[in-house]
There are 2 protein chains.
Amino acid sequence: MSGEQSKLRVLAGGKSADAYDLSEQVGFILRKANQRHLSIFASRISDLTPPQFAALAKLYEVGATSQNQLGQLVAMDAATIKGVIDRLKARDLVVLEPHGRDRRRLVVSLSDDGKALIEALLPDALDVSEETLAPLTPRETATFLRLLTKLAEG
Amino acid sequence: MSGEQSKLRVLAGGKSADAYDLSEQVGFILRKANQRHLSIFASRISDLTPPQFAALAKLYEVGATSQNQLGQLVAMDAATIKGVIDRLKARDLVVLEPHGRDRRRLVVSLSDDGKALIEALLPDALDVSEETLAPLTPRETATFLRLLTKLAEG
DNA sequence: AGCGTATCATTCGTGTACAAACAAATTTGA
DNA sequence: TCAAATTTGTTTGTACACGAATGATACGCT
């Protein structure tokens, strides 16, 4: 049976290529790290979800943009950013206007409420990052962010 | 106004605590790293989603368990693992039986098909991890996994 | 024995995520 | 200039993910 074959291979090779341990796979740990971050985020910023926050923060950073473009800036595909914008719009945190020259485009920008909200939340967002990284020393944090960025950008 | 205060703080503190750059926040980069991994996973293992794979791999590792327990092992809450198991069950990759002594429990185990599938996919799963980590050197990979684990476990 | 509490599974509601198919508007290129 | 390719946004369908509520069962303690 494959169980015995597997044991043989484990004993033979140093790397034990066959010993698949789920809890050591990047994807699995990445998912758990994400879960922990989401939980910290939710405990500090209950008004918005992380994607909603990202969209508002980006709008605050770059000003008015088209919906799809905003999606690219916050790494969400067209279908996803649409849902996020819809929910922000329903709460009047963003304003949608038609683009002047290109009638396909929908220009998104912050409403006054949206601007006030994001300004109020920015300090909390920094706290979220800090608490998420709390298990690491400052030195480890720097290393981690560097490597994580490399990984994310392929 | 908070704009000017903010500038003062930026000039005062070395860390420029107020200059919020979304693309430098852990949560945002974590989400992008996860996206890249998901995309690699999907390109190599189209038969299963990562949560489905995790459930099968864990079942292969530990044998029969209750539904909720399996959820804990793969870091999914009761509602989430139920959906995952439902879909695996619909494809006859797992078998559900009532627990003997505890009538609340539902014992989940691999079907023959499920076992065959997971055995066939394990090498691909290792490839997924490898490709995900490809942007890092072996030394960086070791460091990264150590720090990521620390982060995930809080 | 009985009662309060904890556990297990299910359900509901909301919010990402992404693929695929589509319509409308714009841009490109022959 | 006009048809083809591309871009922008929308819709549909599937699959997590989690909080909260519910019902059934099991367990601990008196």
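Bear in mind that the values here come from a model prediction, so they are computed numbers and not experimental data. Below, chains carry the letters A, B, ... as their sequence lines are ordered, and counting in each starts from 1.
- Protein atom CE of B/Met76 is 10 Å distant from nucleotide atom C1' of D/dA17, rounded to whole Å.
- Side-chain N/O atoms of B/Arg31 include one lying less than 4.0 angstrom from OP1 or OP2 on C/dA17.
- Comparing C/dA17, D/dC18, D/dT10 against the side chain of A/Thr80 picks out C/dA17 as the nearest.
- A donor atom on one side chain and an acceptor atom on the other are not found under 3.5 Å apart for A/Tyr20 and B/Glu61.
- The distance from atom CG of B/Leu70 to atom C1' of D/dC16 is 15 Å, rounded to the nearest whole Å.
- Using a 4.0 Å heavy-atom distance criterion, B/Ser66 is classed as a sugar-phosphate-only contact.
- Checking D/dA24, C/dA17, D/dC18 against the side-chain heavy atoms of B/Arg104 singles out D/dA24 as nearest.
- Nucleotide D/dT14 holds its C1' atom 15 Å from the CG atom of B/Leu48, rounded to whole Å.
- Among the nucleotides C/dA19, D/dT10, D/dC18, the one closest to the side chain of A/Leu106 is D/dT10.
- Counting non-hydrogen atoms under 4.0 angstrom, A/Asp102 reaches the backbone sugars and phosphates but no base.
- Closest to the side chain of B/Gln52, out of D/dT10, C/dC8, D/dA15, is D/dA15.
- In this structure, B/Thr49 reaches the D/dC16 phosphate: one of its side-chain N or O atoms is under 4.0 Å from OP1 or OP2.
- When the nucleotides D/dT25, C/dT16, C/dA19 are ranked by their closest atom to the side chain of A/Ala79, C/dA19 comes out on top.
- Between D/dT25, C/dC18, D/dA20, one nucleotide has an atom nearer to the side chain of B/Arg103 than all others, and that is D/dT25.
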